[in-house]
Amino acid sequence: MTNARLVLLGPPGAGKGTQAARLADRLGVPAISTGDIFRSNVAEGTELGQLAQKYMNAGEYVPDEVTNQMVAGRLSEADATDGFLLDGYPRTAAQVDELDQMLADRGGLTHVIELTADTDEVVERLLKRAQEQGRADDTESVIRRRLEVYAEQTAPLVDVYSERGLLLQVDGMGEMDEVTERLTAALA
């Protein structure tokens with residue numbers, strides 16, 4: 001499915017990273033994660049990377065203007081010409097507007113997929129991951145707060161993309177292969 005220009009939304013622990021990689025592979029487009037873009041720019045010592053690092057070191061969000069520039073740069077790379085799957089961007093209404101401008105000459109997004117997930121099940125997943133990876137700061141209260149913040153920030157995006165007729169909601173719970181099949185079927 002070349003020329004697929006997708007955004008993958010979903011709460012922490014819904015399996016976005018895993019499913020983004022699997023779906024992008026099936027579609028023949030790059031999976032583009034803002035986390036990967038940040039790490040790449042920091043590792044390469046780019047001007048934007050150095051700026052982002054200052055915010056990250058202070059435990060603050062990287063401002064939209066820095067994030068937007070990094071995403072625009074990544075979307076201009078050759079492998080994203082014929083499509084892409086964005087994971088972790090946009091996160092705010094302002095970023096939606098910015099992405100619209102970036103893609104104006106490409107015809108905009110083709111779909112926005114929201115991986116839905118049961119809150120209690122996601123909390124269990126994240127607690128298990130925290131234990132396996134030794135993330136002592138990922139307590140149940142911290143995880144539940146992250147889910148609340150996600151819901152507050154992302155609900156408006158879901159509404160925007162739903163009103164545009166771009167939103168596909170896919171159940172993100174279950175075995176990895178089952179979820180990948182549901183994603184693939186939703187796009188067919």
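All values below were derived from every heavy atom in this structure, side-chain atoms included, with hydrogens, water molecules and symmetry-related copies excluded.
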Test side chain to side chain contact (heavy atoms under 4.5 Å, CB included) applied to R182 and V179, step by step
CA-CA 5 Å; R182 285 196 287 265; V179 176; 3.4 Å; yes
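- Under the 4.5 Å side-chain heavy-atom criterion for grouping Ile, Leu, Val, Met, Phe, Trp and Tyr, L109 is connected to I32 within one hydrophobic cluster.
- V7 is listed as a side-chain neighbour of P90, based on a closest heavy-atom distance under 4.5 Å.
- When the side chains of ILVMFWY residues are joined at heavy-atom separations under 4.5 Å, either directly or via intervening members, M173 and L168 end up in two distinct hydrophobic clusters.
- Taking the side chain as every heavy atom from C-beta outward, N3 and F84 never approach each other to under 4.5 Å.
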Yes or no on side chain to side chain contact (heavy atoms under 4.5 Å, CB included) for L99 and L75, after CA distance, side-chain angles and deciding distance?
CA-CA 10 Å; L99 182 60; L75 290 178; 4.0 Å; yes
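- Looking at D82 and V29, their side chains never come closer than 4.5 Å, going by heavy atoms from C-beta outward.
- Rounding to the nearest 0.5 Å places CG of L6 at 6.0 Å from CG of L27.
- Residues L115 and L8 meet the side-chain proximity criterion, which asks for heavy atoms closer than 4.5 Å.
- When the side-chain contact (heavy atoms from CB on, under 4.5 Å) test is applied to E77, the partners found at least two apart in sequence or on another chain are R74, D79.
- With sequence neighbours left out, D177 forms a side-chain contact (heavy atoms from CB on, under 4.5 Å) with R22.
- Annotation: E152, atom CD; neighbour count of heavy atoms from other residues, nucleotides and ligands within 6.0 Å is above 12.
- Here the CG atom belonging to L127 is positioned 8.0 Å from the OG1 atom belonging to T139, to the nearest 0.5 angstrom.
- Contact record, P11 with A117: CG-CB, 4.2 Å, taken as the closest heavy-atom pair.
- At a threshold of 4.5 Å between non-hydrogen side-chain atoms, the residues L9 and V112 count as touching.
- Contact annotation: the side chain of N68 approaches that of M102 to within less than 4.5 Å [non-hydrogen atoms, C-beta and beyond].
- Looking at H111 and L187, their side chains come closer than 4.5 Å, going by heavy atoms from C-beta outward.
- Minimum heavy-atom separation, G172 to R125: O-NH2, 3.4 Å.
- Applying the side-chain contact (heavy atoms from CB on, under 4.5 Å) criterion to Q133, with sequence neighbours excluded, gives R129, R135.
- Within 6.0 Å of the CD atom in E148, the count of heavy atoms belonging to other residues, nucleotides or ligands exceeds 12.
- Using a 4.5 Å heavy-atom threshold, the side chains of R145 and V149 count as touching.
- Judged purely by distance below 3.5 Å, without hydrogens or angles, the side chains of Q19 and T180 pair a donor atom with an acceptor atom.
- The closest side-chain donor-acceptor pair between T46 and N41 falls under 3.5 angstrom.
- Remark: D120 engages R144 in a salt bridge (Lys or Arg N to Asp or Glu O under 4.0 Å) (not counting sequence neighbours).
- Going from atom CD of Q69 over to atom CG of L48 covers 5.0 Å, rounded to the nearest 0.5 Å.
- Residues forming a side-chain contact (heavy atoms from CB on, under 4.5 Å) with Q101 (at least two apart in sequence, or on another chain): E98.
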Going through the checks in order, is the side chain to side chain contact (heavy atoms under 4.5 Å, CB included) test met by L167 and I113?
CA-CA 6 Å; L167 187 70; I113 304 167; over 6 Å; no
Donor-acceptor contacts, no H, no angles, side chain residues 153-161, under 3.5 Å, sequence neighbours left out:
from, atom 1, to, atom 2, distance (Å)
T154, OG1, Y150, O, 2.9

Determine whether T184 and R26 satisfy the following criterion, side chain to side chain contact (heavy atoms under 4.5 Å, CB included), listing intermediate values before the conclusion.
CA-CA 8 Å; T184 304; R26 283 190 177 198; 3.1 Å; yes
